[in-house]
Amino acid sequence: MIPDFLTIAEASTLIAKRELSPVELVESRLARIERLNGKLNSFIRVLREPALAAARAAEAEITAGNCRGPLHGIPIGLKDIYETRGVPTTGHSKILIDHVPQQDATSVRRLTDAGAIVLGKLATHEFAFGGPSFDLPWPPARNPWDTSRFTGGSSSGTGAAVAAGLVLGGTGSDTGGSIRGPAALCGLAGLKPSYGRISRTGILPLAFSLDHAGPMAWTAEDCAIMLQAMAGHDPADPASADCPVSDYRAALSGDVRGLRIGLIRHFYESDNPADEATRQGIAAAVKVFEDLGCSVRELRLSPLAEWAACGVLIMLTEGYAVHQATLRERFGDYGEAFRDRMALAALISGGDYVQAVRRRRELVAEFMTAMADLDLAVTAAAPSEAPAIDAVGKFAIFERPMLTMPFNVTGTPAMSVCCGYGATGLPLALQLAGKPFDEATVLRAAHAYETATPWRSVRPRLDG
Amino acid sequence: MGNGIVKTQGMTRAEVETGLARAGLDVPEHERLEIAAAVHFIEEMAERVRGKRAMSAEPAHIFPPPGV
């Protein structure tokens, strides 16, 4: 009997020992999708037959002694902005409902080359921005911990599918928090790597200078495994970083003694006040890090509203540029949340966009100076547990400055890590942020924290 | 929100509607109302980024010459 929940690392070990068949694993996930997706809306398209064919091929290769690595035979899902050859990639929008790419996104090809098995395309906010929306071709994803609650977005389907055990890992994208937000609200590990670490080629863009691709999974170790496959230079992406890729899994030594951590308390105590449960969860996590041998001191940066203003203006105007022509021709074919946010974007002047980009240089310099004698920063990933899905308005992203946006502005790695559960049993999260291209330290700290705490043993209770 | 920033008067409903029309967006009436009510978010953010800075303050992405 295959467990309802397995991490990539666990499944990979069982597959390597021939105690688990990729075919049986994929069949079990497909059956679980059949039972649960109707109330989670995490998949908008299930690729049953191709997945089973890929699983049989994986099994044959592994049996013949040709295991490609820890992702071989592992079922994953792709946010439906990741172009997938021969499979509609819609951005969860009527606009691209018939769009069938002729080739895979670079990161998709790298995952399948590593042996991962794509079970299907996952729900997203429209074009990674407009949601949660109830007026799109498919309904919004629901939080497996409580299906009346928001998953977070925009990688909403990935959050739901991983948290419900429908896949063992999934891809997300993060322009202002769209990996870390759903990871936080769905109790997962979600990594936004450094800008340029993972190719953007073949991923539908929202904002060219803020878009990051990244993994979402149950654990930091699983994120490390996925990142290892996805990362690396891609000449087709003009922003792709041509620098060495670390061995992320080898970096998970468990030893974080001597790491210097800056706690950005004001972000979540005054700038965008988190609820008491989140504050206590972070305070307890700081104690765990100290007990593990880290030093923690206060870190003060510009107010969160400064970071949010900079990032949001850039995100809006670059996103508007992507959709400018189509918005003129087919405004009503977009969902209301997306189109009205873009309408606001249309009112931003070119001068103010450049001022935001000038402010960006200042804020990046500030962060790099602040981190000179630190290895990591810690702050909140979300201000509270998941809210009710129908309480999230179309302009909600503007009402409070986003806790995640600073690290899109800087382009530095940041990760959401579960730090406990609130009184209602919903996940709480903290955020770990690192230095440019030092995903290894971020993952090492997250892994050490997960190992020292009981949170990774908790799973949502799902009927079916 | 800082010194020396350029403050502009809040957009009126008419200005919002003109802006949307200039952008060629066919926005339904009820959404135009909501957008006009929300435009202050954009204006507040724009005021934040119009900080006092030297004329020579560069943006974060300048054009790198080809071949570099």
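Letters A, B, ... mirror the listed sequences (proteins, then strands); counts begin at 1. The figures here come from the full heavy-atom set of this structure, side chains too, leaving out hydrogens, waters and symmetry mates.
- In this structure a side-chain-to-backbone donor-acceptor pair under 3.5 Å is missing from R48(B) to A309(A).
- The CD atom of E34(B) lies 6.5 Å from the CZ atom of F395(A); values are rounded to the nearest 0.5 Å.
- Taken to the nearest 0.5 Å, the CD1 atom of I42(B) stands 7.5 Å off from the CG atom of L347(A).
- For a residue to count as touching a neighbouring chain, one of its non-hydrogen atoms must lie under 4.5 Å from one of that chain's; by this rule H40(B) does not touch chain A.
- Side-chain contact check for R360(A) versus P59(B): every heavy-atom pair is 4.5 Å or farther apart.
- Heavy-atom minimum distance, A60(B) versus R361(A): O-NH2, 3.6 Å.
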- Item | Trace of the side chain to side chain contact (heavy atoms under 4.5 Å, CB included) decision for Q355(A) with R53(B) | CA-CA 10 Å; Q355(A) 299 301 3; R53(B) 51 180 66 92; 3.0 Å; yes
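- Of all the listed residues (G24(B), P28(B), A36(B)), the one sharing the greatest number of non-hydrogen pairs under 4.5 Å with chain A is G24(B).
- Closest approach of A46(B) and D352(A) over heavy atoms only: CB-OD2, 3.5 Å.
- Of the two parts of I314(A), neither the backbone nor the side chain holds a non-hydrogen atom closer than 4.5 Å to a non-hydrogen atom of chain B.
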- Going through the distances and angles, do M45(B) and E306(A) end up as a side chain to side chain contact (heavy atoms under 4.5 Å, CB included)? CA-CA 8 Å; M45(B) 287 190 282; E306(A) 295 288 307; over 6 Å; no
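- Annotation for A343(A) and L25(B): closest pair CA-CD1, 3.9 Å, computed over non-hydrogen atoms.
- When atom types are taken as modelled, the side chain of R358(A) and the backbone of A57(B) share a donor-acceptor pair closer than 3.5 angstrom.
- The part of R22(B) that comes within reach of chain A is its backbone (N, CA, C, O), which places non-hydrogen atoms under 4.5 angstrom from that chain.
- Interface residue A305(A): backbone and side-chain heavy atoms are both found under 4.5 Å from chain B.
- Rounded to the nearest 0.5 Å, atoms CG (L20(B)) and CG (D340(A)) are 9.0 Å apart.
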- Query: Given F41(B) and E399(A), is the side chain to side chain contact (heavy atoms under 4.5 Å, CB included) satisfied, shown in steps?
  - Reply: CA-CA 8 Å; F41(B) 289 127; E399(A) 291 168 1; 3.8 Å; yes
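- Only the side chain of R339(A) comes within contact range of chain B, judged by heavy atoms closer than 4.5 Å.
- Contacts between E362(A) and chain B at a heavy-atom distance below 4.5 Å involve the side chain alone, from C-beta outward.
- Scanning both residues, D26(B) and F331(A), for their nearest heavy atoms gives O-CD2, 3.3 Å.
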- Task: Test H30(B) against E336(A) for side chain to side chain contact (heavy atoms under 4.5 Å, CB included), laying out the working first.
- Result: CA-CA 11 Å; H30(B) 78 275; E336(A) 187 171 319; 3.8 Å; yes
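- Remark: the backbone N or O of A23(B) is paired with a side-chain donor or acceptor of R328(A) at under 3.5 angstrom.
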